[in-house]
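All values below come from the heavy atoms of this structure, side chains included, with hydrogens, waters and symmetry mates left out.
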Amino acid sequence: QVQLVESGGGLVQAGGSLRLSCAASGRLNSIESTSWFHQAPGKQRELVAQIFSSGSTNYADSVKGRFTIARDNAENMVYLQMNSLRAEDTGVYYCNVYSLYDEMNYWGEGTLVTVSS
């Protein structure tokens with residue numbers, strides 16, 4: 001079992017920056033990847049950024065050059081640094097991990113980001 005808690009969301013002006021955090025606890029062995037997903041109002045949840053155990057990363061085209069995913073394994077934390085924010089970045093951001101131990105995806109409750117323009 002894995003528990004995830006996101007934080008760092010809030011109201012920010014277009015062009016501004018925000019840093020999201022995800023704290024993980026529970027059974028953290030064999031975590032293959034950690035990801036951030038974005039769900040805009042009325043739309044499907046979409047992958048924004050992903051980091052694998054190897055250190056390899058993957059980003060959606062819409063955030064390349066603006067968002068950066070990073071992790072601190074010693075503290076069981078993952079971060080999403082968001083720069084040059086746009087109105088379309090508004091929505092709920094969810095932390096996700098995939099565990100090879102039980103072949104399960106785990107989700108946090110999400111944190112709301114609102115970008116004003």
### Message
Tell me the closest heavy-atom pair linking Ser84 and Ser17, and the distance in Å.
### Response
N-OG, 4.4 Å
### Query
Do Val97 and Val78 belong to the same hydrophobic cluster, where Ile, Leu, Val, Met, Phe, Trp and Tyr are linked whenever their side-chain heavy atoms lie under 4.5 Å apart, directly or via other members?
no
### Message
Applying side chain to side chain donor-acceptor pair (under 3.5 Å), can you list everything that pairs with Asp102, at least two apart in sequence or on another chain?
### Response
Ser99, Tyr106
### Query
How long is the gap from CD on Gln81 to CZ on Arg19, to the nearest 0.5 Å?
6.5 Å
### Task
Could you tell me which residues satisfy ring-ring contact (aromatic ring centres under 6.0 Å, His included) with Phe67, sequence neighbours excluded, listed by chain and number?
none
### Message
Does Cys95 form a side-chain contact (heavy atoms from CB on, under 4.5 Å) with Thr34? I'd like the steps, not just the answer.
### Response
CA-CA 7 Å; Cys95 184; Thr34 304; 4.2 Å; yes
### Query
How far apart are the closest heavy atoms of Phe52 and Arg71, and which atoms are they?
O-NH1, 2.6 Å
### Query
Is a side-chain donor or acceptor of Ser30 paired with a backbone partner of Leu100 at a separation under 3.5 angstrom?
no
### Query
With side chains defined as the heavy atoms from C-beta onward, is the minimum distance between Asn76 and Ser25 less than 4.5 Å?
no
## Note on the structure
Glu88 meets the side chain to side chain donor-acceptor pair (under 3.5 Å) criterion, sequence neighbours left out, with none
### Query
Linking I/L/V/M/F/W/Y whenever their side-chain heavy atoms sit closer than 4.5 Å, directly or via other members, would Tyr79 and Tyr98 fall into one cluster?
no
### Task
Show the numbers, then the answer: is there a side-chain contact (heavy atoms from CB on, under 4.5 Å) between Met82 and Val113?
CA-CA 11 Å; Met82 305 185 295; Val113 171; 4.0 Å; yes
### Message
Suppose we screen for side chain to side chain donor-acceptor pair (under 3.5 Å). Which residues come up paired with Arg27, at least two apart in sequence or across chains?
### Response
Tyr101
### Summary
With sequence neighbours left out, the residues meeting side chain to side chain donor-acceptor pair (under 3.5 Å) with Asp61 are Lys64
### Query
Is there side-chain contact between Arg66 and Asp89, with at least one heavy-atom pair below 4.5 Å?
yes
### Query
Can you tell me how far the CG atom of Leu80 sits from the CD1 atom of Ile51, to the nearest 0.5 Å?
11.0 Å
### Nearest atoms (heavy-atom pairs only) where Gly91 meets Leu112
O-CD1, 3.6 Å
### Query
For Ala24 and Leu4, which heavy atoms make the closest approach, and how far apart are they?
CB-CD2, 3.7 Å
### Task
Please round to the nearest 0.5 Å and tell me the distance separating atom CG of Asn105 and atom OG of Ser33.
7.0 Å
### Query
Among the clusters formed by ILVMFWY side chains lying less than 4.5 Å apart, do Ile31 and Met104 turn up in the same one?
yes
### Summary
When every non-hydrogen atom of Tyr59 is compared with those of Thr68, the smallest separation belongs to OH-CA, 3.5 Å
### Message
Donor-acceptor pair, distance only, cut-off 3.5 Å: does the side chain of Thr90 make one with the backbone of Val115?
### Response
yes
### Message
Return the OH to OG1 distance between Tyr93 and Thr111, rounded to the nearest 0.5 Å.
### Response
10.5 Å
### Message
Measuring from atom CG of Leu85 to atom OG of Ser117, what distance do you get when rounded to the nearest 0.5 angstrom?
### Response
12.0 Å
### Message
Looking at every heavy atom in both Ser62 and Arg86, which two are closest together, and how far apart are they?
### Response
O-NH1, 3.8 Å
### Message
I'd like to check the side-chain contact (heavy atoms from CB on, under 4.5 Å) partners of Arg45; sequence neighbours left out, ordered by chain and number.
### Response
Phe37, Gln39, Tyr94, Trp107
### Glu6 side-chain N/O to Gly110 backbone N/O, donor-acceptor pair under 3.5 Å
yes
## Note on the structure
Separation between SG (Cys22) and CE (Met77), nearest 0.5 Å, reads 7.5 Å
